[in-house]
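So that the names make sense, note that chain A is the first sequence line, chain B the second, and so on, each numbered from 1.
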Amino acid sequence: MDVSSIIEPLNDAQRLAVSAPDQAVLVLAGAGSGKTRVLVHRIAWHIKINQVSPYHILAVTFTNKAANEMRSRIEDLLQIPARSMWIGTFHGLAHRLLRQHAKDAQLPDNFQVMDSDDQLRVVKRLLKSMNIDDNKWPPKQVQWFINAQKEEGIRARHMADDGDFYQRQMLAIYRSYEDFCQRSGLVDFAELLLRAHEVLRDNPELLTFYRQRFQHVLVDEFQDTNTIQYAWLRLLTEGFNNLFVVGDDDQSIYGWRGAKIENLFAFQKHYPDHQVIRLEQNYRSTGHILKAANTLIAHNDARMGKQLWTDSGDGEAISLYAAFNEQDEAWFVVEKIRQWIADGGLRSEAAILYRSNAQSRQFEERLMTAAIPYRVYGGLRFFERMEVKNALAYLRLASHHDDDPSFERVVNTPTRGIGAKTLDDMRLLARDNALSLWQAAEHMLIHSMLTPRAANALSGFLNLIRQLGQDTSSLPLHETVKHVVERSGLIELYQKEKQDKGETRVENLEELVNAARLFDPDLIDENNLGELDLFLNHAALEAGDMQAEADQDCVQLMTLHSAKGLEFKLVFMVGMEDGLFPSQQSLDDASRLQEERRLCYVGITRAREQLYLTHAESRRLYGKDNYPRPSRFLRELPVESCQEIRLRAQVNRPLTRMKPDAGTVAQTGRYRIGQAVRHEKFGDGVVLQTEGAGDQEKVQINFRRVGIKWLMLAYARLDAV
DNA sequence: GGTAAACACCTTTTT
DNA sequence: GGTGTTTACC
């Protein structure tokens, strides 16, 4: 391999980072400045130039996607398999650590990973068993509380009862949740991190071993780390000067789920010998787009400071469009996309970005009528689908009879006559005698504690599960899955379901068999875990993409959050209105508002060539008409990089005068914004805004034929249509 | 046990 | 207003 390819393709700042001496390094990587490239080349530098064995390298990301990309790019660059290198997500690596040291972590060898849906079910069951009213104590909130504690590294036993009623109750729930999980060998996502931290902290030999092993630790998206993740990194690296982190404070958009932007500042304190390197040259966007991004984000304070620049020209100005309402907004966007395609643009190069998922509908409808293929991101992923989770539960139960959540899930799916009464008795027995549901069921059967009918149904179920376990113990993985899916009655159940839904469910089950066939247990089997167990954990840890859908050329619809890390030639940021974006809940909180601003910054920097920002003057929300102000972020953009456009009539309204009072005035007048009206002479039009009252009341109307006009209501002959 | 009516909800999401 | 979930009833 030509060693020069490691350094040559880089710019000066990137070179500085890649070749930095062995010390703590913080790379502040602006959007589109080549941060993944720096990580990949830094690893290549260690291996090829410094002769570090891949065995001594640890690289951490947040998503499986990022981890996979990093691995394959390293392999491409170095032309060697990166197998012995630990590259993965925080959760994936924590899981791996716990598997290898289950004893030290005080976990059973066959502990199972729960996803958040499983976790929520456990919480619900727990509340019921503790006789806690789940209206007063919403399971979601309880789940949130537990995860928040764990992410701060706090166990129930660490929490003092400060006399607060709310806290006392939560504490009690947290405690029994921990007990239950420990007893059942269940580990939720936050627990993976917390336990991985504890197992190193509490086992000095282990810690020493891993500190010696991981001579170089690299972290992607460092601004998204939470308390426990950072604590884990510190444990491994503090005092060794071998931590290399890449991040961007301006792209921190996950504070609401525990990410600590402060970790960036903490890093500088904890690693005094660190070096900071800024990547500010952007290879993605035009000058106008970068200028907008820079100007916007400058409104935030406590930044580490960064200015993006490009040497590839200004490009087109950013376009602002004020739509009459959300339908007009969708119409406009789709019209522009139609033109883009007609001009030879790829559909997949166009993206519609919104703040909340609910906004996608208008655009979907219009795209549908325009017969433009599109793809909406978000929603349930493959391994999260009900039918898939049911099948997995059968698989789990067949190999671990004591898995209560799985038992609950499928004991009566498909229905087999095991009713609520039988189950309640079973739960009670299980609880009082510290048995699993399976054991309780056996007990009830042996001691004839059930009516003949219930006993019959229940023993039928137990036999089915036992049989499945026996049938499949010697089959290859995908045969096992196939067998279980068929014999469990799930296929049959979904075949009966109403056409559309049932059909895709059956297809998903078939896809599951396929996924099992393709499954390659890439965790080297250091611990004699069966293929099935590896598959089940893989399913929990890597929920997979949406569907295996063919990636045809589609317009991309997604939230601003899920757009992070992506780029498109043509970007629409829609719903730029106060209350929507920034969202209502963030409007009166300075720090949340700053996070929204960073989200806006993320959105803007997704665009490579053309950026459209749209807002509606009237929007139906939750069945009510709203007249929102244009987003404050629009006013924070540089005027010289923006142009306003009106399709139906050309009007120039300076940015600074973008109807600050539309909201209040419009509601008091006789005419509503967006209302259709007819004028004797000018014909049909739509009300844009109103001003004044009584004799002085004026209305601005956009007439289809003659464009925009102000009319005095007292004189104008207007009719509502 | 399966369907319809009533009811609550309504940022953002990965693991 | 639209969706997903619980409840009521057959």
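Between A:Phe62 and B:dT14, no base-stacking contact is recorded for ring centres under 5.5 Å apart and planes less than 30° from parallel.
Base orientation of B:dT11: syn (glycosidic angle within 90° of 0).
One atom, NZ of A:Lys564, and another, P of B:dT14, lie 11 Å apart when rounded to the nearest Å. Rounded to a whole Å, the CG atom of A:Leu98 is 14 Å from the C1' atom of B:dT15. Distance A:Arg598 CZ to B:dT11 P: 20 Å, rounded to the nearest Å. For A:Glu191 and B:dT14, the CD to P distance is 22 Å, given to the nearest whole Å. The CZ-P distance, from A:Phe581 to B:dT11, rounds to 15 Å in whole Å. When the P atom of B:dG1 is taken as reference, atom CG of A:Leu423 falls 11 Å away, rounded to whole Å. Residue A:Asn147 contributes atom CG, which lies 15 Å from atom P of B:dT14 at whole-angstrom precision. Look at CG on A:Asp118: it is 13 Å from C1' on B:dT15, rounded to the nearest Å.
Phosphate contact (OP1/OP2 of B:dT13, side-chain N/O of A:Arg381, threshold under 4.0 Å): absent. Contact annotation: A:Thr559 reaches the phosphate of B:dT13 (side-chain N/O to OP1 or OP2, under 4.0 Å).
Partners of A:Pro108 by side-chain contact (heavy atoms from CB on, under 4.5 Å), not counting sequence neighbours, listed by chain and number: A:Asn110, A:Phe111.
Taking the side chain of A:Arg355 as heavy atoms from C-beta on, and the options B:dT12, C:dG1, B:dT14, the nearest nucleotide is B:dT12. For A:Arg592, taking side-chain heavy atoms from C-beta onward, the closest of the listed nucleotides B:dT11, B:dT12, B:dT15 is B:dT11. Among the nucleotides B:dT15, C:dG1, B:dT12, the one closest to the side chain of A:Arg620 is C:dG1. For A:Thr415, the side-chain atoms get nearest to B:dG2 when compared with the rest of B:dG2, B:dT14, B:dT11. Proximity note for A:Lys124 (side chain, C-beta onward) versus B:dT11, B:dT15, C:dT6: the nearest is C:dT6. Distance from the side chain of A:Thr63 is smallest for B:dT15 among the nucleotides B:dT13, B:dT11, B:dT15. Set against B:dT11, B:dT14, B:dT13, the side chain of A:Asn357 has B:dT13 as its closest nucleotide.
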Worksheet item: Passes side-chain hydrogen bond (donor to acceptor under 3.5 Å, both in side chains), A:Tyr377 versus A:Gln556? Steps please.
Response: CA-CA 8 Å; A:Tyr377 284 72; A:Gln556 315 283 303; 2.7 Å; yes

Discussion item. Determine whether A:Arg155 and A:Glu191 satisfy the following criterion, salt bridge (charged side-chain N to carboxylate O under 4.0 Å, His left out), listing intermediate values before the conclusion.
Written reply: CA-CA 10 Å; A:Arg155 293 252 175 231; A:Glu191 183 75 27; 2.7 Å; yes

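Within the 4.0 angstrom heavy-atom criterion, only backbone atoms of the sugar-phosphate kind lie near A:Ser562; the bases stay farther away. Counting any heavy atom pair closer than 4.0 Å across all strands shown, A:Glu542 reaches no nucleic acid atom. The residue A:Ser356 sits close only to the backbone: its heavy atoms come under 4.0 Å of sugar-phosphate atoms, none of a base. At the heavy-atom level, A:Gly419 lies nowhere under 4.0 Å from the strands shown. Residue A:Asn64 is classed as a sugar-phosphate contact, given heavy-atom separations below 4.0 Å to backbone atoms only.
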Any N/O pairs under 3.5 Å between the protein and nucleotides 5-10 of chain B? List them or say none.
none

Pairs: protein N or O with nucleotides 2-5 of chain C N or O, under 3.5 Å:
from  : atom 1 : to       : atom 2 : distance (Å)
C:dG2 : O5'    : A:Arg361 : NH1    : 3.3

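A distance of 14.0 Å separates CZ of A:Arg598 from CG of A:Leu560, quoted to the nearest 0.5 Å.
For B:dT15, the base has a donor-acceptor partner in the side chain of A:Ser116 [N/O atoms by modelled type, under 3.5 angstrom].
With a 6.0 Å radius and a threshold of 12 heavy atoms from other residues, nucleotides or ligands, A:Gln495 has its CD atom above the threshold. The environment of CD in A:Gln106 is sparse: at most 12 heavy-atom neighbours from other residues, nucleotides or ligands sit within 6.0 Å.
Positionally, the nearest nucleotide of DNA chain B for A:Asn412 lies more toward the 5' end than for the other of A:Asn412 and A:Arg257.
B:dT12 and C:dT5 have their P atoms separated by 15 Å, with the value rounded to a whole Å. Using atom P as the reference point in both B:dT13 and C:dG4, the two lie 16 Å apart (nearest Å).
Looking at every heavy atom in both residues, A:Ala616 comes nearest to A:Asn325 through CB-C, 3.6 Å. The two residues A:Ala31 and A:Arg606 make their nearest non-hydrogen contact at CB-NH2, 3.6 Å.
The aromatic rings of A:Phe189 and A:His91 sit perpendicular to each other, their planes meeting at more than 60°, with 30° as the lower class boundary. Below 30°, between 30° and 60°, or above 60°: for A:Phe535 and A:His538 the angle between ring planes is below 30°, a parallel geometry.
Taking the ring centroids of A:Phe581 and A:His615, they lie at or beyond the 6.0 Å cut-off.
Screening A:Phe363, A:Tyr612, A:Tyr354 for a ring-ring contact (aromatic ring centres under 6.0 Å, His included) involving A:Phe572 leaves a single residue, A:Tyr612.
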